[in-house]
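Worksheet: one structure, shown below.
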Amino acid sequence: MVKCIGILTSGGDAPGMNAAIRAVTRTCLNNGIEIYGVRLGYKGLHDGEFIKFDSHSTRNIINIGGTFLKSARFPEFKDVKVREEAIEQMKKVGIEALVVIGGDGSYNGALKLTEMGVNCIGIPGTIDNDIPDTDFTVGFDTALNTIVDALDKLRDTSSSHQRCTILEVMGRRCGDLALYAGLACGAEMIITSETGFDEEEVIQTLKKSKAGDKKHAIVVITEHITDVHELAKRVETATGFETRANVLGHMQRGGRPSAQDRVLASRMGVHAVELLMEGKGGLCMSKVKGEIVGLPIEEVLSHKRQINEAIYEDVLTLR
Ligand code: ADP
Ligand code: F6P
């Protein structure tokens with residue numbers, strides 16, 4: 001059975017990563033397995049930045065945002081020679097297998113390492129919820145609650161001034177943060193790359209809204225779709241709605257992890273180690289209908305994440 005495991009966090013940080021590190025560490029130690037924390041993602045793996053963990057190492061982190069192991073983007077890891085050098089570093093301290101907490105880029109690295117003989121298990125750590133075949137990723141729920149807080153505040157001022165407020169949220173190419181936050185906050189419109197952006201439709205919807213009883217409006221839009229400040233100017237001219245745009249930015253990535261994220265991260269951490277103990281690799285943890293399961297990374301990465309159509313239908317009904 002595996003005797004020594006490493007754990008790293010990679011890509012964009014996400015609240016709940018620390019809870020996952022804690023769960024992996026405790027599960028290892030409780031099963032007599034040595035555990036090393038790897039600082040700075042794949043960069044630290046390559047540079048041999050290893051910290052031997054004991055039962056004190058992960059105390060008092062379950063409630064802290066970010067990742068205490070630090071994260072990094074390290075494109076050099078795509079190079080097979082760099083990965084071979086990382087494996088040499090792991091051999092020096094005896095790390096035989098890895099738990100990788102990150103998004104789809106990090107999963108690619110984990111898959112390649114597994115193919116090179118180092119069993120890896122992925123845990124989906126990203127606020128974007130953009131990993132296929134899992135209901136939720138670690139960090140999504142906390143980021144969603146941050147956006148909901150921001151939208152509630154924006155609603156106060158938007159309503160006082162009878163304005164239209166446009167809020168741009170993160171998600172890369174995934175509209176889940178915009179979709180769930182828009183539904184939770186009663187937004188007039190949600191614009192995501194999956195549901196499409198039609199400026200004329202936005203203008204017509206807002207005109208209709210202004211002509212009705214409601215004298216303010218909220219629009220939530222995923223990043224990378226359009227320049228929201230320019231959009232606000234055009235909306236104001238076309239609808240007569242005084243309009244302000246806000247970009248929420250990196251504050252969505254920080255903060256105390258929600259209870260949901262801590263539970264998800266902790267459960268995935270336990271099961272990731274159990275899979276490594278069974279000699280498995282190349283799998284990633286997913287939440288499917290409430291169950292935590294291990295699915296092949298290759299299969300998961302070959303799927304396209306779909307927006308939840310049923311939720312979008314409900315948004316349209318409630319408009
Ligand atoms: P995320 O994991 O959040 O999607 P990135 O896409 O930035 O974030 O990927 C994180 C890291 O994973 C990269 O900086 C790189 O070290 C590693 N990585 C990404 N793609 C690959 C790949 N095709 N092969 C090996 N490593 C990769
Ligand atoms: O993947 C998480 C994420 O926060 C995305 O939502 C966003 O597009 C990106 O990372 C921002 O990356 P960076 O931290 O490099 O600016």
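First listed ligand is number 1; within each ligand, the first listed atom is number 1.
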Report task. Using a cut-off of 6.0 Å, state whether more than 12 heavy atoms not belonging to R253 lie near its atom CZ. Result -> yes

Query - Closest heavy-atom pair and its distance - M251, L248 - result: CG-O, 3.6 Å

Query - Residue part near ligand 1, for K112, under 4.0 Å between non-hydrogen atoms - result: side chain

Identify, for [atom], the protein heavy atom at the shortest distance, and state residue, atom and that distance.
atom                    : value
atom 26 (N) of ligand 1 : G109 CA, 3.5 Å
atom 11 (C) of ligand 1 : S10 OG, 3.5 Å
atom 1 (O) of ligand 2  : D128 OD2, 2.7 Å
atom 7 (O) of ligand 1  : R73 NE, 2.8 Å
atom 9 (C) of ligand 2  : R253 NH1, 3.9 Å
atom 2 (O) of ligand 1  : S106 OG, 2.5 Å
atom 14 (O) of ligand 1 : F74 N, 2.6 Å
atom 27 (C) of ligand 1 : G105 O, 3.6 Å

Side-chain heavy-atom pair [X], [Y] within 4.5 angstrom cut-off:
X    : Y    : answer
I221 : L167 : no
T58  : F68  : yes
V247 : H229 : yes

[X] with [Y]: basic N within carboxylate O range, under 4.0 Å:
X    : Y    : answer
D13  : K70  : no
K92  : E88  : no
K3   : E34  : no
K112 : E115 : no

Query - Side-chain (D314) to main-chain (T317) donor-acceptor, under 3.5 angstrom - result: no

At less than 4.0 angstrom from any non-hydrogen atom of [X], what atoms of ligand 2 do you find?
X    : answer
R73  : 10 (O), 12 (O), 13 (P), 14 (O), 15 (O)
M170 : 4 (O), 6 (O)
E223 : 5 (C), 6 (O), 7 (C), 8 (O)
H250 : 13 (P), 14 (O), 16 (O)

Report task. Report the part of Q252 (side chain from C-beta onward, or backbone N, CA, C, O) that has a heavy atom under 4.0 Å from ligand 2; answer both or neither where that applies. Result -> neither

Atoms in ligand 1 with a heavy atom of [X] nearer than 4.0 Å:
X    : value
G103 : 1 (P), 2 (O), 3 (O), 4 (O)
G11  : 3 (O), 8 (O), 10 (C)
G12  : 3 (O)

**Report entry** Polar proximity ligand 1 side, R83 side, N/O cut 3.5 Å exclusive
**Finding:** no

Query raised in the report: Does any N/O atom on G171 come nearer than 3.5 Å to any N/O atom on ligand 2?
Result: yes

Query raised in the report: Does ligand 1 have any atom sitting under 4.0 Å from a heavy atom of T126?
Result: no

Query raised in the report: In terms of the angle between their ring planes, are F140 and F136 parallel, tilted or perpendicular, with boundaries placed at 30° and 60°?
Result: parallel

Query raised in the report: When you look at R305 and D176, which way does the salt bridge (charged side-chain N to carboxylate O under 4.0 Å, His left out) test go after all the steps?
Result: CA-CA 10 Å; R305 185 163 178 107; D176 281 20; 3.2 Å; yes

